[in-house]
Amino acid sequence: MDNRATRVAIIGGGLGGLTAAIALMKIAGAEVTVFEQARKLAEVGAGVGVAPNGQRGLDRLGLLDEVKLAGAPWDGPGVNLGTDGRPVAEVAWSDSAGRYQSFGIHRADLIDVLRRSIPSDAVRLGHRLASIHALDSSVRLEFENGVNAEFEAVVGADGVHSLVRDSITQPSDPVYSGSIAYRGVLDASLLPEDWPMTSQVWMGGGKHFMCYPVRQRKLFNYVGFVPSDGPLKESWSAEGDVSELAAEFGGEEWDPRLREFIKLIDKTFWWGLYDREPLANWSRGRVTLLGDAAHTMLPYVGQGVNQAIEDSVSLAIFLRETEGPEGIVDAFKRYTTARLQRTAIMQASSRRSGSQLDSQAEYEDITKRDADVRAGRDFRRSFFYDYDAAAVAEKTLMRSHNARRALFA
């Protein structure tokens, strides 16, 4: 149904919020306004992997070619390595059909692609949400700058510290992983000419380090995951000490190539790694959640942004089928039901993957770790990468329509 009269507010102008805005405009025909607390749309200098399941969603929105052009293709499957650089296993790279292959992109470049697809007057910067109030047929938003507005629906894409989430449910406390991550980007021209143009992960000793190309192979994104007693503040932008990062991976047991890579780093940032237990509900009335606000997960399987893309496409398809603004509540319920189980499994899988990559106490026998890592490749390809969020949403709607027709037959 045409939803052009449906006015939707999205709280948060990050990757999830912008993708949701595009999906709701293109698929559901909604009138969307994005409210972002920052004065400009920007991201800390770091990359993200766009997996086949996320690409499938971007393809549905007509954005994939532009995103790929801004990113960096990988020459082939990534590889997991032992501390000494010994190859352990290839990493799943494509979906089973071979149609989509993972690639890297700088977060700032992805933000640029997304915002070019949204009318400039649909994004309101410098709007930090102060409160949210459910009314009979709308939702009232109040911002710290004094602006008040009412919308027929609100989507909370406001991240791990979501204020919108607090209006829906009592959230579980953040769970500290026991690790922090150093991350940043490195000028690719500094690396040896034969440096692999794909994803590499060195793992072991309670920590791991990964890198892959972004920005048309001009930069390499890197992340070093190391243990810390914590608890530490969740942060994307705290400046880190490069010498501390180098010391973490400076022992003779670590691959000399990795140590040389780290020597080239001149700036790094760190953040504490937290997730939350899966929520029992994402929606309440005309308000729903998306991305990290709904399912905060650790970064070990690289699915945070990809799950937000899946959320966006799924939400838009369910909202498309509403029978006028009054159908929003049911659409949000269907969306939540369709997404809860998959994202909860992703959250659990990410915790498990971190344990594998760090080779923690459960892996006193390193050969068992290697076998588990190799076995995980096929699961990731079939369960992660072959998933089609749009097809799942469409099938859910078809079952609902068929059940309704049978009821009144």
Side-chain angles (χ1 to χ4, degrees), residues 10-17 19-20 37 43-44 46 48 51 53-54 107 128-129 132 154-181 183 223 225-238 270-284 287-312 314-315 332-333 335-358 360 383-384 387 389:
I10 297 177
I11 309 301
L15 297 176
T19 305
Q37 65 182 9
E43 281 279 1
V44 172
V48 63
N53 54 305
R107 285 177 173 268
R128 182 189 292 271
L129 185 66
I132 180 170
V154 173
V155 178
D158 47 343
V160 296
H161 302 293
S162 173
L163 183 62
V164 179
R165 179 180 58 218
D166 294 345
S167 74
I168 292 176
T169 184
Q170 180 64 42
S172 56
D173 292 333
V175 179
Y176 181 50
S177 68
S179 295
I180 63 173
R183 77 180 306 165
V223 192
F225 299 92
V226 304
S228 176
D229 292 338
L232 302 163
K233 181 180 178 182
E234 296 169 276
S235 172
W236 283 83
S237 57
W270 70 265
W271 82 107
L273 298 179
Y274 292 77
D275 66 359
R276 294 174 186 264
E277 298 300 332
L279 297 175
N281 179 41
W282 298 355
S283 300
R284 183 176 183 182
V287 182
T288 194
L289 301 174
L290 180 146
D292 286 343
H295 42 71
T296 306
M297 64 184 67
L298 296 170
Y300 300 127
V301 294
Q303 278 291 311
V305 169
N306 293 287
Q307 289 306 297
I309 295 171
E310 288 187 6
D311 290 345
S312 299
S314 180
L315 175 62
F332 283 0
K333 287 180 180 177
Y335 154 72
T336 301
T337 300
R339 297 294 300 155
L340 272 175
Q341 184 180 34
R342 175 164 171 80
T343 56
I345 293 173
M346 288 293 182
Q347 288 174 292
S349 295
S350 192
R351 285 184 179 182
R352 173 64 174 164
S353 181
S355 179
Q356 288 180 337
L357 296 173
D358 290 344
Q360 293 173 356
F383 185 81
F384 289 21
Y387 189 87

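Positions are given from 1, in the same order as the sequence printed here.
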With rounding to the nearest 0.5 angstrom, report the [atom1] to [atom2] distance, [X] to [Y].
X: S350; Y: Q347; atom1: OG; atom2: CD; answer: 9.0 Å
X: L289; Y: I11; atom1: CG; atom2: CD1; answer: 11.5 Å
X: F384; Y: N53; atom1: CZ; atom2: CG; answer: 8.5 Å
X: I345; Y: F383; atom1: CD1; atom2: CZ; answer: 4.0 Å
X: I168; Y: T288; atom1: CD1; atom2: OG1; answer: 5.5 Å
X: M346; Y: E310; atom1: CE; atom2: CD; answer: 6.0 Å

List the atom of [X], the atom of [Y], and the distance in Å for their closest heavy-atom pair.
X: G54; Y: I309; answer: O-CG2, 3.5 Å
X: V305; Y: V48; answer: CG2-CG2, 3.7 Å
X: G159; Y: R165; answer: O-NH1, 4.0 Å
X: A308; Y: G291; answer: CB-CA, 4.0 Å
X: V301; Y: S353; answer: CG1-CB, 3.6 Å
X: A338; Y: S314; answer: CB-OG, 4.5 Å

### Message
When you measure from the side chain of T337 to the backbone of K333, do you find a donor-acceptor pair of N or O atoms at a distance under 3.5 Å?
### Response
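Yes: the side chain of T337 pairs with the backbone of K333.
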### Query
Are the side chain of R276 and the backbone N or O of V160 linked by a donor-acceptor pair below 3.5 Å?
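Between the backbone of V160 and the side chain of R276 there is a qualifying donor-acceptor contact (under 3.5 Å).
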Not counting sequence neighbours, which residues clear side chain to side chain contact (heavy atoms under 4.5 Å, CB included) with [X]? List them please.
X: R128; value: Q37, E144
X: T343; value: W282, H295, Q307, D311, R339
X: A20; value: I10, L290, S312

### Query
Would T296 and D292 count as having a side-chain donor-acceptor pair, cut-off 3.5 Å?
no
#### Entry: Row check, Y300 ring normal vs R352 NZ/CZ: under 6.0 Å, within 45°
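Geometry flag: not set, cation outside 6.0 Å or 45°.
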### Message
Quick one, L163 and D158 - any side-chain contact, counting heavy atoms below 4.5 Å?
### Response
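With C-beta onward as the side chain, the pair touches.
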### Task
Please indicate whether R351 has more than 12 foreign heavy atoms, meaning atoms of other residues, nucleotides or ligands, lying under 6.0 Å from its CZ.
yes
